[in-house]
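Step one of this worksheet: look at the structure below.
The chain is numbered in sequence order, starting from 1. Nothing here was measured: the structure is a model prediction, and the numbers come from that model.
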Amino acid sequence: MPTTMTYADLALLSEREAKGDYQKVAILEEPYKLSLAKAAIPEPSDTEIRVKVIYVGICGSDLEAFKGTRNPEFITLPARLGHEVAGIIDKVGSNVLGLKVGMKVACRYVWGAYAQYIVCKPFNVQVMPDSFPLKSISLIEILPGVIHAAELSAIDSGKRVLIIGQGVSGLMLTQVVSLYSPSALVVTDHKKRNLELAKSYGATQTIQIPVDKIDNAPYVLQVHPEGYDVVIPCLLEGNCVVDAISCCRIGGKVVMYGGIGKTSHPVDYFAMHRKRVEILSTEPKRDIDMYRYFKEGISLVTDGLLRTHDYIDRIYPLEAIQEAFEVRAESSNDVIHVLIQVAEEV
């Protein structure tokens with residue numbers, strides 16, 4: 001949704017505000033400063049639906065924007081954040097078939113969702129079973145990229161896999177990759193709790209990296225000195241891609257689920273060429289692929305093969321979003337995932 005408003009928008013908002021017909025939204029005003037504002041409640045077009053937001057997860061990309069570490073071409077301030085949505089369809093456009101008011105949905109490719117309502121296309125939602133807990137829905141948003149990363153990796157029982165980082169996405173990737181039966185699934189993280197979860201999800205070996213260290217290579221190459229067939233960096237920092245190249249064996253793959261932040265370390269392209277390393281990005285490239293992976297991810301969760309609720313540690317109301325982000329940004333605690341609860345479950 002747009003972060004700027006036209007004069008017509010402002011006039012409409014003033015009229016609605018006088019009637020009390022507005023919604024609360026969170027605005028990132030500047031790095032480390034979130035505030036609540038009033039906005040018009042969006043109306044869906046004939047081909048759209050409106051979703052009443054119940055929960056929104058704090059994604060790592062939201063956190064980067066909060067910290068001010070995203071490049072200006074990605075985000076300008078003030079901005080509305082939030083995209084890991086669990087909600088209920090609230091209104092349906094006249095040309096939308098199949099989707100009904102009251103359905104629980106997971107959303108993908110929606111923005112500005114730290115708000116009471118969002119509007120999107122049917123393409124952006126998948127219906128969840130009525131019995132499925134709303135708290136466990138928001139993390140389904142990341143599964144298309146996760147499943148695509150696993151498929152691009154071409155993992156089988158002869159492959160050694162390294163996943164760098166066991167945050168929210170890393171833990172989900174560990175669960176998915178373990179279903180591909182690699183000969184070794186080695187994971188790294190700074191935090192003991194995250195590694196314990198990874199072990200329960202199928203990691204064959206966990207390596208705790210000291211907090212003051214960035215490079216994983218000196219630690220993981222002690223386990224497999226010849227390197228790994230597949231390395232999946234799951235940290236936001238671009239430096240983890242540099243690290244991933246160091247951890248690859250000759251002819252290996254770096255599958256870039258992470259590494260979408262700034263890079264302060266130089267990329268050694270000679271090392272990449274010398275090792276014949278293949279580097280792949282993981283966001284689905286076609287809409288039909290995203291749609292298919294979205295459905296497949298939901299099946300994996302509802303069939304009990306993936307767990308999305310184990311690491312939901314804190315839930316904050318929208319009014320406490322500043323505190324929620326500060327807790328999520330604090331690296332010294334054991335918090336893995338934080339939800340913003342926008343509305344009560346019914």
Side-chain angles (χ1 to χ4, degrees), residues 1-2 42 44-45 47-65 74-75 79-93 96 98-100 103-129 132-152 167-173 175-176 234 236 256-258 260 281-302 306-309 312 337-340 342:
M1 297 179 67
S45 71
T47 59
E48 293 178 322
I49 62 170
R50 186 169 71 193
V51 176
K52 181 180 180 181
V53 178
I54 307 297
Y55 294 104
V56 192
I58 298 180
C59 177
S61 59
D62 294 322
L63 201 62
E64 273 209 323
F74 181 86
I75 186 170
R80 285 174 57 180
L81 307 177
H83 58 95
E84 293 181 351
V85 179
I88 296 172
I89 295 177
D90 170 75
K91 199 169 185 178
V92 178
V96 176
L99 298 177
K100 305 295 182 185
M103 286 179 167
K104 289 182 180 180
V105 291
C107 300
R108 193 161 206 261
Y109 290 155
V110 299
W111 312 103
Y114 295 123
Q116 292 175 287
Y117 298 92
I118 56 171
V119 162
C120 63
K121 297 286 188 181
F123 173 79
N124 301 100
V125 302
Q126 287 291 334
V127 177
M128 300 296 297
F132 198 82
L134 275 164
K135 289 178 185 176
S136 300
I137 289 176
S138 70
L139 278 179
I140 289 172
E141 191 270 350
I142 70 174
L143 279 173
V146 166
I147 294 170
H148 192 215
E151 287 199 357
L152 289 172
V168 173
S169 296
L171 288 166
M172 195 71 82
L173 254 165
Q175 294 184 71
V176 172
C234 269
L236 283 167
M256 283 180 52
Y257 185 87
I260 58 177
S281 61
T282 61
E283 192 62 19
K285 296 175 176 60
R286 303 178 301 180
D287 286 347
I288 191 65
D289 295 327
M290 197 285 287
Y291 181 79
R292 176 165 54 87
Y293 293 137
F294 207 175
K295 278 192 173 296
E296 184 177 336
I298 288 172
S299 295
L300 289 170
V301 174
T302 56
L306 303 180
R307 305 207 297 268
T308 60
H309 59 277
I312 297 172
H337 193 46
V338 174
L339 293 182
I340 302 299
V342 181

Quiz item: Out of curiosity, I89 CD1 to I49 CD1, how far, rounded to the nearest 0.5 Å?
Solution: 4.0 Å
Exercise answer: donor-acceptor pairs, residues 135-149 side-chain atoms, under 3.5 Å, sequence neighbours excluded:
unit_1 : atom_1 : unit_2 : atom_2 : d
E141   : OE2    : H83    : ND1    : 3.2
H148   : ND1    : T282   : O      : 2.7

Quiz item: Taking all atoms of both residues into account, what is the closest heavy-atom pair of C234 and L173, and its distance?
Solution: SG-CD1, 3.1 Å
Quiz item: Can you name the nearest heavy-atom pair linking L152 to S281, along with the distance?
Solution: CD1-O, 3.2 Å
Quiz item: For R307 and L171, what are the C-alpha separation, side-chain angles and deciding distance, and is it a side-chain contact (heavy atoms from CB on, under 4.5 Å)?
Solution: CA-CA 10 Å; R307 305 207 297 268; L171 288 166; over 6 Å; no
Practice problem: Would you please name every residue forming a salt bridge (Lys or Arg N to Asp or Glu O under 4.0 Å) with E151, sequence neighbours left out? | Solution: none
Quiz prompt | Contact summary for I118 and A113, nearest pair of heavy atoms | solution = CG2-CA, 3.9 Å
Exercise. Taking the side chain as every heavy atom from C-beta outward, state whether Y55 and E84 have any pair of such atoms under 4.5 Å apart.
Key: no
Quiz item: With S299, which residues qualify under side-chain hydrogen bond (donor to acceptor under 3.5 Å, both in side chains), at least two apart?
Solution: none
Self-check item: Inter-residue atom distance L339.CG - I54.CD1, 0.5 Å rounding
Solution: 12.0 Å
Quiz prompt | Atom of P284, atom of Y109 and distance for their closest heavy-atom approach | solution = O-OH, 4.3 Å
Quiz item: Looking at CG of D90 and CE of M103, how far apart are the two atoms once the value is rounded to the nearest 0.5 Å?
Solution: 14.0 Å
Quiz item: Between V110 and C120, which heavy-atom pair has the shortest distance, and what is it?
Solution: CG1-CB, 3.9 Å
Quiz item: When rounded to the nearest 0.5 angstrom, what is the spacing between NE2 in H337 and CE in M172?
Solution: 8.5 Å
Exercise. Applying salt bridge (Lys or Arg N to Asp or Glu O under 4.0 Å), name anything that partners K91, two or more places apart in sequence or on another chain.
Key: E43
Quiz prompt | More than 12 heavy atoms of other groups within 6.0 Å of K52 NZ | solution = no
Exercise. Answer yes or no: is there a donor N or O on one side and an acceptor on the other, between the side chain of N124 and the main chain of C107, under 3.5 Å?
Key: no
Quiz item: Under the 3.5 angstrom rule, does the side chain of R80 hit a backbone N or O of Y114 as a donor-acceptor pair?
Solution: no
Practice problem: Look up atom CG in L63 and atom CD1 in I58, then write down how far apart they are to the nearest 0.5 Å. | Solution: 7.5 Å
Quiz item: Considering residues at least two apart in sequence or located in another chain, which fulfil the side-chain hydrogen bond (donor to acceptor under 3.5 Å, both in side chains) criterion with K121?
Solution: T47
Quiz item: Does E283 have any salt bridge (Lys or Arg N to Asp or Glu O under 4.0 Å) partners at least two apart in sequence or in another chain, and if so, which?
Solution: R108
Quiz item: V119 and P42: which non-hydrogen atoms are nearest, and at how many Å?
Solution: CG2-CB, 3.5 Å
